[in-house]
Number of protein chains: 2
Amino acid sequence: MSELDTIDLAIVKALQANGRMSNAELSQKVGLSASACSRRLDILEKSGVISGYHARLSNKALDYKMMAIVHISLSGQGAKTLSEFEAAVKLCPNVLVCYLMSGDYDYILRVAAKDLEDYERIHRDWLSALPHVVKINSSFALREVIDRPNVGL
Amino acid sequence: MSELDTIDLAIVKALQANGRMSNAELSQKVGLSASACSRRLDILEKSGVISGYHARLSNKALDYKMMAIVHISLSGQGAKTLSEFEAAVKLCPNVLVCYLMSGDYDYILRVAAKDLEDYERIHRDWLSALPHVVKINSSFALREVIDRPNVGL
DNA sequence: GAAACCACGCAATGTCCTTGCGAAGATGAA
DNA sequence: TTCATCTTCGCAAGGACATTGCGTGGTTTC
């Protein structure tokens, strides 16, 4: 992708707010004809600027009331150690986010659970079973203040 | 919403993977007629199980190459202190996630930045300016291992 | 057992999406 | 400057899609 102009940004911004907006509404909002808008969107998708669309589910409605932040330290930082850990953590459906980090610990995870009992199960069956882990530190979110899908443009 | 049956779950799951899927494709995927599928989706949206749809932007394409995890401690935990901090942090567009936490620190933030210089600006102009902050600890993500929008169903 | 209820499929209608086409403006070389 | 080329636009048409009303069948309730 060469560069995003004002209209591209408007398209991206609108679909960030409402990813299921019709092309007709979108084109009107950004001040283009439907055909021109459709073609631009096609380019934005194919070039990877927009990498997908996702329904946002209410965690409450789905009974996921707990969010845990987990700091994990491994026994080493060799490439094999890291890749084995990562392959394993990817299999756990409750892990929403996992980053390899600089600093005091190796990985940080964001884990969704239905309740404390559910988290205990996840901790026992998944987190404790991850390879090369030497330390797990779980903190629980008391309240969600912000949860944006993307950076505000 | 009373309860989600198998078909509702299939709808939600499909739209989680592709939020812009047409109703025609969706109905075929879950084994319903288009009309029945449209009516179910309408209920799922109005009842709040699906709270929205969002385009997923490639941070790389938008030049957000850095992700920071920031732990913040406040000078106190009074209601006024917390709400003033939260009102201020909500204004920073680079903060993707903010949780009030139990444990060693008060808040955890996930902050997107274009590069180190950009992060330095965010830290100076936004984070340091947040009220009641006594300690800021920034760690940087070396690699994204997982970033799911929702719990895997 | 009858009535009420619920979710379904079918069909129709109005809307929407996409593609081809020609025009307008920008860019660059002779 | 002038001409060729390239890009992006709007319009129009054809096919796909979404939604609504309606009738049916199965289930619950009294």
Inset, instruction - Have a look at the helix from dG1(C)-dC30(D) to dA30(C)-dT1(D) and give the angle its two end axes make, five pairs each, rounded to 10 degrees. - result: 30°
Value in whole Å for how far the [atom2] atom of [N] lies from [atom1] of [X]:
X        : N       : atom1 : atom2 : result
Glu45(A) : dC17(C) : CD    : P     : 12 Å
Ile11(A) : dT8(D)  : CD1   : C1'   : 12 Å
Asp42(A) : dT8(D)  : CG    : P     : 13 Å
Leu32(A) : dT18(C) : CG    : C1'   : 16 Å
Arg40(A) : dG10(D) : CZ    : C1'   : 13 Å
Asp5(B)  : dA7(C)  : CG    : P     : 9 Å
Leu41(B) : dA7(C)  : CG    : P     : 15 Å

With a 4.5 Å cut-off on side-chain heavy atoms, are [Y] and [X] touching?
X         : Y         : value
Val111(B) : Ile69(B)  : no
Tyr99(A)  : Tyr107(A) : no
Phe85(A)  : Val133(A) : yes

Please determine if [X] and [Y] form a salt bridge, counting it only when a charged side-chain N lies under 4.0 Å from a carboxylate O.
X         : Y         : value
Arg110(A) : Asp147(B) : no
Lys90(A)  : Glu86(A)  : no
Arg124(A) : Glu120(A) : yes
Arg39(A)  : Asp42(A)  : no
Arg40(A)  : Asp5(A)   : yes
Glu84(B)  : Lys80(B)  : yes

Pairs under 3.5 Å (N/O, protein and nucleotides 20-22 of chain D):
none

Legend entry - Listed once per pair and sorted, the ring-ring contact (aromatic ring centres under 6.0 Å, His included) pairs that draw on residues 127-153 of chain A, sequence neighbours left out: Tyr119(A)-Phe140(A)
Report all interatomic pairs (protein N or O, nucleotide N or O of nucleotides 23-29 of chain D) with separations under 3.5 Å.
none

Legend entry - Donor-acceptor pair, side chain of Asp8(A) and main chain of Leu4(A), under 3.5 angstrom: no
Inset, instruction - Return yes if some donor-acceptor pair links the side-chain N/O of Asp106(B) with the main-chain N/O of Leu74(B) below 3.5 Å, else return no. - result: yes
Inset, instruction - Under 4.0 Å from any atom of DNA chain C, heavy atoms only: list the residues of residues 12-28 of chain A that qualify, in numerical order. - result: Ser22(A), Asn23(A), Ala24(A)
Legend entry - Sequence neighbours excluded, every pair satisfying side-chain hydrogen bond (donor to acceptor under 3.5 Å, both in side chains) that has a member inside residues 23-33 of chain B: Ser33(B)-Ser35(B)
